[in-house]
Amino acid sequence: MSTPAVDPLLRLAGVHAYIGESHILQGVDFAVAPNRVTVLLGRNGAGKTTTLRTILGLVPAASGTITFDGVEIGTEKPHHVVRRGVGYVPEDRDVFAGLTVAQNLRLAQRPGASRERWALAHALFPDLERRADQRAGSLSGGQQQMVAIARALVNDNRLLLVDEPSKGLAPVVVAQVTEALAAIKGTTTILLVEQNLAMAQALADDAVVLDDGRVVYTGPMAELAADEALQTRYLGAGGHATAHV
Amino acid sequence: MTTIVLLTLTGLALAAMYFLLAAGLALIFGLMDVLNFAHGAFFTWGAYSAWWTIGRFTAAGSQEGSTGGFLLGVLVAPVVGALLAVLVEVVLLRPLYKRPIYQVLVTLGAGLMLTQMTSVIWRPDARFFPQPGWLADTSTVLGARVPNNRFLLIAAALVVLGGMLLFLKRTRYGLVVRAGAENREMVRALGIDVDRAFTLVFALGGALAGLGGAFGAAYFGSVEPTFGSVNLIFAFIVVVIGGLGSVTGSALAAVIIGLAQQFGNYYTTWAGDFVVVLLLAAVLLLRPGGLLGDRT
Ligand SMILES: Nc1ncnc2c1ncn2[C@@H]1O[C@H](COP(=O)(O)OP(=O)(O)O)[C@@H](O)[C@H]1O
Ligand SMILES: [Mg+2]
């Protein structure tokens, strides 16, 4: 069940990246299978966010290759990568505070995006419809997260890069976000960064563990969930993350 | 009373000119964090291109310019301003987006060079701007005889203000500009070509500066190379007082500065610019983000 025979939608091979002088990604290799959820785990500072930003081209890959649907995208500009069908939900949500909810979503909607996607995003987060004309800056953290996720959902994306969607949110909101991601699972490929192991377990099929800018584990999520030693070693002390779902 | 009406309308016309210059500066700073010191040169070039155009249609030595020539000049000036702005942005600024100090130097240098070119091509001294009779004529408002070019300038600024607010609130590019002012990275991550938005904003700012130059030439009745740099200082003050990046703030601040200058200069020989500096100091101390700025 682990490595499906189909070609991966996304593959990173020997990717190195720097932020300023710091060598952050030191040869990252992993693949993301289509229509599955792959969770990227690792302690704070392991390089998870940098990995997502490198895939998008926001951080330049110094060497190595990034292949999306068979095409090398490692040297492309962010807007070209995104237009291939990549949606991004950043770690700090980064909604445009001065724009309304509807304006945030309209800005995110790329030319040619289908109506169904717009409807889907609003069906998953009915709050957004009610708050369409409210400034995004005046929303709660949970509502901002919904805007951030909806921005990625309003396009016909094939890959979603979602960075710690549960961070700083109340459990009810985490549940709602989890539900929304579960609803699109199977039709959209998701690369999810998540520290909340319960959420990771609820959603992920495959797991990749990053440590100090290198991949130290790839395999089925179920296997990782069962291996407490591995968790303790790479995901921080105490294995507190082994929450039961 | 007549004096007050005259000073108010003249002050508003001056404000309109500052606004045309400041609106572009505010947009450019808001989106790109670039202090564009070349902006005054776009204004000067707008003034000269309007002057040159009207000169093609006006008999040599005539005091009165042709209406057609003036209208054409008002079209040519923003085009020239936009072209120069695109040139500066694409050739000089684009390679330097990660190096802000160099941006300041490069826009300053480009501004000086473009200004110098006008004095080489058209002589360094002031040249008379032959405006159409109806524009130099006066209309009587509450007993005050006000030159018509003041009204034209005020009307143009109002149209530009309305147009810019519509652009920012209603168009996709307007949203890109506002969102980009908040978080450029995230706009990129939505698949938007931010570099293209930069060029567009620069072109828009350059066009407004060029237009301001054309109307400014009518306001002053002459053009000279230092035209832009003198007004640029006040435009920067307007942007700071209004709030960096806020177009409505710029409009409000322009009105305050224009009126303060006119009244100050009328009643004393020294207070006009002094009041402006005082206002700037007060805003910087009490509201460092500017009147309508949402950033500090
Ligand atoms: N803008 C930055 N400047 C310098 N170092 C950074 C910057 N962003 C991240 N880093 C460093 O890069 C490393 C990886 O960061 P990040 O990818 O954010 O990790 P994670 O998302 O796994 O917590 C960390 O050591 C962090 O300190
Ligand atoms: Mg992170």
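Computed from a predicted structure; not experimentally measured. Sequence lines set the chain letters: A, B, ... in the order given, protein chains first and strands last, and positions in each chain run from 1.
Contacts of A:Val95 with chain B are made by backbone atoms alone, with heavy-atom separations under 4.5 Å and no side-chain atom involved. Heavy atoms of A:Ala97 lying under 4.5 Å from chain B belong to its backbone as well as its side chain. Looking at A:Arg53, the atoms closer than 4.5 Å to chain B (heavy atoms on both sides) all sit in the side chain, from C-beta outward.
Panel note: side chain B:Glu182, backbone A:Gly98; a donor-acceptor pair is recorded below 3.5 Å. Panel note: side chain B:Arg172, backbone A:Leu107; a donor-acceptor pair is recorded below 3.5 Å.
Counting non-hydrogen atoms of other residues, nucleotides and ligands closer than 6.0 Å to CG of B:Leu285 gives a total above 12. For B:Arg184, the CZ atom is densely surrounded, since the number of other residues' heavy atoms within 6.0 Å is greater than 12. Counted within 6.0 Å of CG on A:Asp212, heavy atoms from surrounding residues, nucleotides or ligands total 12 or fewer; the atom is thus considered open.
Between chain B and the residues A:Arg106, A:His80, A:Gln103, the largest count of heavy-atom pairs under 4.5 Å involves A:Gln103.
Residues B:Asp193 and A:Arg83 approach most closely at N-NH2, 3.7 Å, considering heavy atoms. When every heavy atom of B:Glu185 is checked against every heavy atom of A:Leu58, the shortest pair comes out as OE2-CD2, 3.7 Å.
Here the side chains of A:Phe96 and B:Leu175 are not in contact, with every heavy-atom distance at 4.5 Å or above. Considering only heavy atoms from C-beta on, A:Val82 stays 4.5 Å or farther from B:Leu190 through its side chain. Looking at heavy atoms from C-beta onward, A:Arg93 lies out of side-chain contact with B:Met186 at the 4.5 angstrom threshold.
Between A:Lys77 and B:Asp195, at least one side-chain nitrogen of the basic residue sits less than 4.0 Å from a carboxylate oxygen of the acidic one, meeting the salt-bridge criterion.
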